[in-house]
K.L.:
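Below is the structure I would like to discuss, written out as structure tokens.
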2 protein chains.
Amino acid sequence: MAKNTYLELPGKTVERLSQYRRILYNSINEGKTNIYSHELAKMMNLTPVQVRRDLMLIGYSGSQSKGYVIKDLVALIGKIIDSDEGQDIILVGMGNLGRAITSYFTGKRDKLSIAAVFDNDLQKTDRIIAGIPCHHISHIKEFVAKENIQIAVLTVSPEATYEVAKMLLDAGIKGILNYTSVPLTVPEGIHLEEYDIVTSLEKLAYLVK
Amino acid sequence: MAKNTYLELPGKTVERLSQYRRILYNSINEGKTNIYSHELAKMMNLTPVQVRRDLMLIGYSGSQSKGYVIKDLVALIGKIIDSDEGQDIILVGMGNLGRAITSYFTGKRDKLSIAAVFDNDLQKTDRIIAGIPCHHISHIKEFVAKENIQIAVLTVSPEATYEVAKMLLDAGIKGILNYTSVPLTVPEGIHLEEYDIVTSLEKLAYLVK
DNA sequence: TTTATATTGTGAATTGAATATCAACACTCA
DNA sequence: TGAGTGTTGATATTCAATTCACAATATAAA
């Protein structure tokens, strides 16, 4: 049963919940109604114990004979990770990567969508790119305030990273997903996720050695 | 002192080493020759203790008065994460994201480069895209064998993910960087890194709630 | 009914990573 | 010289995440 009190879940569990949900949608489409921990684990490349632990943490119970009811589980995950009214995101930096992420993401989730993108190139601003309105970065603060934006995706050049990050924090952004190669510092209370392609590849290169 | 024996480093440390090196290149360009743990920590958004512990793990020693010698440190990191002869990568799936990653990555690292990209669209194959030769996916196995490729970046559509991953494993790939939204399962001994944009954003959305 | 089998749920143990603490050392300045 | 400062390197501690081990339960089969 979902409590009204705020659930303090491990970060890793939250990530997996997002993925459980996506996989479970597929299962629903294939006509499945119930699923066992070992089935879900197999699909996610995890152990069954870990799946059960995650579901225990969100307070969902299955049955020993039928496993978990997919529909209910999906609904509960939604209750935990979606916000009721939905949540809008902005993306800053409409280069190759920004454009790719924008078109990739658009329409993927109904409670989470890119409301606008920003760039400093006047050639790109004040028009629709990849289906989303593109504004000049000088309008970030005003837009964030008006639309109550809390999350920003950062895909600008390394040189511009600090300055744009500062603008975003100044505008009141609460979470930044940083895809640039520049490590960021954020104040207490602001959430930051960093994913750098070069780092990932160098890590893999080390591991396969 | 770098040993010849294989160093078993924590994954997180390897990631940070990659980033230390990139930041240290900048410092060298600015004319710095030495650096203290607290300086490096500040630039990386870490604690000095963590920096020192990482360097301790790779067996690098600084001096109490001058800190670390940047040039030597960079060289040692290279010794640990680069392979001597360099390492070639392939990328499969030349959609928006594949193209973005290819142009983003090309030229970034000299010991690590994208040797070829693959797609199943005949419109894209047998020509140069983003500066890299693009072949049809039916040639993956042959190419991997001939060029001794160990790492692949996966940016295909969700529907194609399983099939292409199977091809890559079959071809003898040792590490996969999976940017699709489909979680993969790989056999023992194969390294997998997964980064899904939707998951990252949903995690952020949860955190800012 | 009884036994066997397969599943969930969870306390306890283990592993892994980050942080705190501090001795040892090098330099500066009185 | 000797006190004071700032640094590294290393051990100990804390914290987070995963895995182990198994009790409890439901179903099917004998």
K.L.:
If you take all heavy atoms of Ile81(B) and Glu202(A), which pair is closest and at what distance?
P.N.:
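Closest heavy-atom pair between Ile81(B) and Glu202(A): CD1-OE1, 3.8 Å.
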
K.L.:
Could you check whether Thr13(A) gets within reach of a base, just the sugar-phosphate, or nothing at all, counting any heavy atom under 4.0 Å?
P.N.:
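The residue Thr13(A) makes no contact with any strand.
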
K.L.:
Rounding to an integer number of Å, can you tell me how far Lys42(A) NZ sits from dT7(C) P?
P.N.:
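Going from NZ in Lys42(A) over to P in dT7(C) covers 13 Å.
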
K.L.:
Can you name the residues that form a ring pair (Phe, Tyr, Trp, His ring centres under 6.0 Å) with His38(A), not counting sequence neighbours?
P.N.:
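Scan of His38(A) (ring pair (Phe, Tyr, Trp, His ring centres under 6.0 Å), adjacent residues dropped) gives Tyr36(A).
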
K.L.:
Of all residues at least two apart in sequence or in a different chain, which pass the ring pair (Phe, Tyr, Trp, His ring centres under 6.0 Å) check with Tyr20(A)?
P.N.:
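By the ring pair (Phe, Tyr, Trp, His ring centres under 6.0 Å) rule, Tyr20(A) matches no residue at all.
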
K.L.:
I need the CD-P distance between Glu8(B) and dT15(C), as an integer number of Å.
P.N.:
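Interatomic distance, CD of Glu8(B) to P of dT15(C): 14 Å.
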
K.L.:
Show the distances under 3.5 angstrom between N or O atoms of the protein and N or O atoms of nucleotides 27-30 of chain C.
P.N.:
| from | atom 1 | to | atom 2 | distance (Å) |
| --- | --- | --- | --- | --- |
| dC27(C) | OP1 | Ser65(B) | OG | 3.2 |

K.L.:
5' to 3' on DNA chain D, which nucleotides open and close the contacts with chain A (atom under 4.0 Å from a heavy atom)?
P.N.:
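First-to-last contact on DNA chain D, by the 4.0 Å heavy-atom rule, is dA17(D) to dT27(D).
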
K.L.:
Of all residues at least two apart in sequence or in a different chain, which pass the ring pair (Phe, Tyr, Trp, His ring centres under 6.0 Å) check with His135(B)?
P.N.:
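Result, ring pair (Phe, Tyr, Trp, His ring centres under 6.0 Å) vs His135(B): Phe118(B), Phe143(B).
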
K.L.:
In chain order, what residues pass the side chain to side chain donor-acceptor pair (under 3.5 Å) check against Ser113(B), with sequence neighbours excluded?
P.N.:
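Applying side chain to side chain donor-acceptor pair (under 3.5 Å) to Ser113(B) gives Asp88(B).
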
K.L.:
Among residues 48-57 of chain A, which residues get a heavy atom nearer than 4.0 Å to DNA chain D?
P.N.:
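Within residues 48-57 of chain A, the residues near DNA chain D are Val49(A), Gln50(A), Arg53(A).
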
K.L.:
Rounded to whole Å, how long is the line connecting atom OH of Tyr60(A) with atom P of dT8(C)?
P.N.:
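About 11 Å, once rounded to whole Å.
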
K.L.:
Applying side chain to side chain donor-acceptor pair (under 3.5 Å), name anything that partners Lys32(A), two or more places apart in sequence or on another chain.
P.N.:
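For Lys32(A) the side chain to side chain donor-acceptor pair (under 3.5 Å) partners, ignoring immediate neighbours, are Glu39(A).
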
K.L.:
For Asp170(A), which residues count as a side chain to side chain donor-acceptor pair (under 3.5 Å) partner, sequence neighbours excluded?
P.N.:
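If we apply the side chain to side chain donor-acceptor pair (under 3.5 Å) test to Asp170(A), skipping adjacent residues, the hits are Lys141(A).
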
K.L.:
Please name all residues satisfying side chain to side chain donor-acceptor pair (under 3.5 Å) with Asn96(A), sequence neighbours left out, ordered by chain then number.
P.N.:
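Only Ser103(B) meet the side chain to side chain donor-acceptor pair (under 3.5 Å) criterion with Asn96(A).
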
K.L.:
Under the side-chain contact (heavy atoms from CB on, under 4.5 Å) test, which residues partner Asp119(A), sequence neighbours left out?
P.N.:
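Asp119(A) satisfies side-chain contact (heavy atoms from CB on, under 4.5 Å) with Met94(A), Asp121(A), Lys124(A), Cys134(A) once adjacent residues are dropped.
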
K.L.:
In terms of the angle between their ring planes, are Tyr68(B) and Tyr60(B) parallel, tilted or perpendicular, with boundaries placed at 30° and 60°?
P.N.:
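It falls in the tilted class, 30° to 60°.
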
K.L.:
Hey, which sits more toward the 5' end of DNA chain D by its nearest nucleotide, Gly11(A) or Ser37(B)?
P.N.:
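Looking at the nearest nucleotide for each, Ser37(B) comes out on the 5' side.
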
K.L.:
Without decimals, in angstroms, what is the distance between Gln64(A) CD and dT8(C) C1'?
P.N.:
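Rounded to whole Å, this separation is 5 Å.
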
K.L.:
Kindly write out the residues that satisfy salt bridge (Lys or Arg N to Asp or Glu O under 4.0 Å) with Arg22(B), not counting sequence neighbours, or none if the list is empty.
P.N.:
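Partners of Arg22(B) under the salt bridge (Lys or Arg N to Asp or Glu O under 4.0 Å) test: Asp196(A).
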
